[in-house]
Amino acid sequence: MGILTSGRIVAFIAFILAWIATYLGIELGKRGKVRIRRLPALDAMEEAVGRAVEMGRPVFDIIGMGTFTDIYATQTVAGLSVLNYVAHLCARLGAKLYAPQASVDVMPVAIEMVREGYLAEGKIEELNVDEQLPYLSGTQFAWASGILGMASRLKPASVIMVGPFWAESMMFAETFDRLGALEIGGTARLYQIPFFAAVCDYVLIGEETFAAGAYLSGDPLQTGSIACQDWYKIAAIILGVIGAILATAGLPWVSQLMSI
Amino acid sequence: MVSTDVGVWIAAFFTIVATSYAFRDNIFFRFAEYTFIGAAAGHAIVMGVKNVILYGWTHIAGGEPSYWIPIILGILIYTRYHPKYYWIYRYPIAFLVGIGVGISIRGAIHADFIKQIAATAKPLIATTPLGTLNNIIVFVGTVTALTHFIFTYEGIHKGAAGWIPKIGRWMMLAAFGGAFGNTIMTRFSMYQGRIIFLLRDWLGIIH
Amino acid sequence: MSMWEKLAAIPREIVLTIVLIAMIVPAIRPFGLPIMVGKMSKDWYNTVDSLPEGSIVLFDIGFGSGGYPTLGPCAIAALHQMFEKHLKIVIMATALEGSMMYPLIMEKVKPEKNYGAEYGRDYVFLGYIAGEQTAMAAVLGDIHTAVKEDYYGTSIEQIPLLQEITGPESFALVAYLTTSGGIAEGWVYQAYSRYKLPVVGGFLSMMTPSLKPYYDAGALKGILDGIKGAADMEYMTHHPGDAMRATDILSATQTIVLIFIIIGNISYWGSRLSKREGEK
Amino acid sequence: MSEVVRKYIPLLITFIVGVIAVLDFYTTVPAIRGTFTVLKNWGIVVTAFALGVGAVNLFRVHGKRIAERGELWPLSGWLLFMLIVFVVVGLSTGKFDASWQYKWIYNAIMLPLGATMYSSLCFYMAIGAYKALRIRNIDSLFLFLTAIFVVLGNTPMFPAALPGFFYTREWIFKTIISGAYRGIRIGVGIGAVVLGIRTILGLERGYLGRA
């Protein structure tokens, strides 16, 4: 065993297994064998868009300032799936959608997502991309103040924020709250979840963001990955529970195993 | 004594203007914002050039021609702006993504998965009753929060078992409350530094 | 508008002005409250304290201007302790603006004057190194192939301290201060997971909840929890500075925030109950 | 052919570099370790080049705005001027950020702006706490209770009067936050690993940009 680094052998095995599990999960996803539970925040999106129609005010969908190259790319992808769904809802129910953009790389995909939604609902003539998906800025405070400016001008009835968010999350949550908008927030950036959880009417916590994206898109790559992650979480639960019971009985086998 | 240093006056001006936005949007804030964006991008270039020289060029000068490779890759990043040859920029990006992803996931499975399981698999009974209670809360928090994030087995969220993820949700909300409270302090402690700057370095009211 | 609704809708300008006043008054007239040292900062202090004289510490400045108000005092107090213990310190910056923080910090620490330390022999600054985790891995793995010059352009062959470093095991401790989650996790991955080096970390208080699992699992030996950690360090090292001054300001502002939270809740429940009364 | 050059070779580069990074961690083979040391050093240089991309984007966006006399275009001109000032001062002395001239403009302009921009979020926190931290239902009750006790423990005045506040905050961190956040961290960590594997395998191709 000389070629493997000691203390990391179990980690290595876990890594190899993750590799295989990712393949398996995606394969199951392709065969439609993965079912993801529907989250309450998704039902709330329909309510949010309906509210905007009733009040005659627009809907904001903000996917954050992530890019495809950073480590938060999955959150951006989830945000795009949600944007697509919201575009469908807005086109169908007749609410005006605004989705300001922060990333040059993501913007063309976002436009495609919205266009597809409007097209599928037969409302493509109602979509004005330049007005509804403006590019604000890729710099944090310019982006944040741009959104705040749009918000006080257009007074949205509802706002959906799913994607990676940084320190601007609190500025957004507070401003939209002041404008009386119904807020649905979701991010997997650990540092920012508390603000959405405290201020928003509905919140997607951490990985729920990915699950929501996978549920809405039905993309096997996304659903399969969720399945694979579930297996690992279940493994963590089982190992944790058995390990704690054994350790309480004086047999610290699991934690010893983990340091091989 | 009020400061006589021009630099301190400029800094004080920018400090006050950057604060003003929280009260109301105004043109002075826009001016400060644009200054900041320009300065930050300029600083990034200066540091970029310095790093290229320090970590690339000195190697070449020291007789390691292989360091031409990262320099060429680096230059290729800028092909992304070319209408026809934009795809060349994928080479340096592919390199950066490979190294970045590889380096972060190899540590993640050790520090975030293996080590955290090892920390969970600890005895629940402690020497004091409070210690035992604490251990149980941590254990329950970890396990129930994990169950909350299981999406593909719907049974776990229904019926009597449904209480487990529900407890997890409450534990997480309680934890978020703590995090929220802590963030209030973080932001204030950051701003206090600016107040001290204004009162001490600029106005000279305190020492 | 009922009384409850008025209470619930105090204009933001008024709220913010009160908050500002609560910062200025104690800054001018401190109350001088005592400090209670937290366990996480104590662990940092003890970890450094237990190192034998002459051990080499890798110290990372992973913050820029945004983090300076809180992490600057942390860095100053932490370096005071390290110089006092006659440790040798290799300082680097993984944050883009980190190299600009270094002179601000050293202006306060004054290692030559206060501790008779000598640049190059007792401490060295490598400057900003791009790439975050890539930079960490490179410096830990083989500092001699990664770095050719220090911040001032001196070749590393001429720096005696760097000659003492033969590999990752030469470092007795990795200490970092950062505002970035990527850097905070990065040092755990690269120094602890990769080389099993003892690591201590300091960050903004808001990051502490998400990084505390590392401390509980033993991956971080100690934590400096934002301005609170800085005040603890200043207190333990007997070098009172901005953080201890900030303690009083913090008392005033946090109390104001608490009062506003209570007003918010009273008005919310007041209007909710009075509405219910009205419906009856 | 062009598919290979445009798409598959980049994917292959990611795969090879990623696999070497992983093997460097888990194995002790000197050849892998040596190769990866070189790759890491290269990585620093390539990342350094990428630092200029932001500036190019700014020149494109703001250059266009100036040419079209768009909204706030004089400020766009000022932005590019500031950018050039920093670059000129930084590069002309030959000492980069170590020269006193550079330190002066940094300390006068960038330091106060950076420090204040982020910290002025405290005002949003204060307003947010006042407007949002309200007990609306059972969920917000949990959030509210710990938030209040953490704020009480964080306010140096209260523990000084009654040490119990200090220990309550430490206890909340030691139990509730440690437990729940460990659960979240395990989940997020696995999510990152699976995404990483997808990327190394070339299943996740967003970073390649437009097709």
Side-chain angles (χ1 to χ4, degrees), chain A residues 8 10-12 14-15 18 34-37 39 69 71 137 139 141-142 145 148-149 152 167 170 190-191 193-195 197-198 205-208 210-211 214-215 223 226-227 229-230 232-237 239-250 252-259, chain B residues 18 21-22 25 29-30 32-34 36-37 40-41 93 96-97 100-101 104-107 109-111 113-125 135-136 139 142-154 156-158 169 172-173 175-183 187:
Chain A
R8 270 182 234 137
V10 174
F12 189 50
F15 192 86
V34 180
R35 280 193 41 165
I36 293 177
R37 84 185 154 95
L39 297 158
T69 35
I71 54 168
S137 171
T139 316
F141 283 90
S145 61
L148 264 42
S152 52
M170 192 64 209
L190 291 184
Y191 310 104
I193 305 171
F195 313 120
I205 300 170
E207 287 184 277
E208 287 183 341
F210 305 137
Y215 179 91
T223 54
I226 297 279
Q229 289 164 38
D230 271 6
Y232 263 73
K233 275 171 273 181
I234 291 167
I237 293 170
L239 284 169
V241 171
I242 294 177
I245 293 169
L246 286 176
T248 309
W253 290 341
V254 172
S255 52
Q256 279 169 5
L257 177 76
M258 290 298 147
S259 22
Chain B
Y21 186 71
D25 196 359
F29 173 77
R30 294 281 157 193
E33 178 193 326
Y34 278 64
F36 183 48
I37 297 171
I93 292 297
L96 286 182
V97 168
V101 163
S104 71
I105 62 173
R106 63 183 209 178
I109 203 146
H110 183 257
F113 188 69
I114 301 289
K115 277 287 147 191
Q116 300 304 332
I117 291 176
T120 312
K122 286 274 158 67
L124 293 172
I125 311 272
N135 289 349
I136 290 173
F139 177 77
T142 307
V143 172
T144 55
L146 272 171
T147 56
H148 181 88
F149 291 120
I150 288 172
F151 302 105
T152 52
Y153 298 90
E154 217 157 335
I156 204 163
H157 296 276
K158 282 182 184 153
R169 185 181 164 82
M172 283 192 286
L173 284 165
F176 294 153
F180 189 104
N182 227 26
T183 309
R187 296 299 181 206

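Lettering of chains follows the sequences in order, A, B, ..., and the numbering in each one begins at 1. Just so you know, these numbers come straight off a predicted model, no measurement behind them. Atoms considered below: every heavy atom in the structure, side chains included; atoms not considered: hydrogens, waters and symmetry mates.
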Contacting region of [X] [heavy-atom separation from chain A under 4.5 Å]:
X: Ile105(B); value: both
X: Thr147(B); value: both
X: Phe151(B); value: both

Let me know if [X] has heavy atoms under 4.5 Å from chain B in its side chain, its backbone, both or neither.
X: Ile205(A); value: both
X: Ala167(A); value: both
X: Val10(A); value: both
X: Ser145(A); value: both

Looking only at heavy atoms, what is the nearest atom pair of [X] and [Y], with distance?
X: Leu190(A); Y: Pro194(A); value: O-CD, 3.6 Å
X: Leu39(A); Y: Ala211(A); value: CD1-CB, 4.2 Å
X: Ala142(A); Y: Ile37(B); value: CB-CD1, 3.5 Å
X: Ser259(A); Y: Ser255(A); value: OG-O, 2.9 Å

Winner by heavy-atom pair count (cut-off under 4.5 Å) against chain B, out of [options]:
options: Ala247(A), Ala18(A), Gly243(A); answer: Ala247(A)
options: Asp230(A), Ile234(A), Ile245(A); answer: Asp230(A)
options: Leu257(A), Leu246(A), Val241(A), Val254(A); answer: Val241(A)

(message) With rounding to the nearest 0.5 angstrom, report the CZ to NE2 distance, Arg106(B) to His110(B).
(response) 12.0 Å
(request) With rounding to the nearest 0.5 Å, note down the distance linking CZ in Arg8(A) to CD1 in Ile109(B). (result) 13.5 Å
For chain A, the option from [options] that forms the most heavy-atom pairs under 4.5 Å:
options: Asp25(B), Ile117(B), Ile125(B), Val101(B); value: Ile117(B)
options: Glu33(B), Met172(B), Arg187(B); value: Glu33(B)
options: Tyr34(B), Phe29(B), Phe180(B), Tyr153(B); value: Phe180(B)
options: Ile150(B), Ile93(B), Thr120(B); value: Ile150(B)
options: His157(B), Arg169(B), Lys115(B); value: His157(B)

(request) Look at the side chain of Tyr232(A) and the backbone N and O of Ala14(A), then say whether any donor-acceptor pair between them is shorter than 3.5 Å. (result) yes
(message) Whether the side chain of Thr248(A) engages the backbone of Leu124(B) through a donor-acceptor N/O pair (distance < 3.5 Å, no angle test) should be reported.
(response) yes
(request) State whether a side-chain donor-acceptor pair under 3.5 Å links Glu208(A) with His148(B). (result) yes
(message) I'd like to know whether the aromatic ring centres of Phe141(A) and Phe36(B) sit less than 6.0 Å apart in this structure.
(response) no
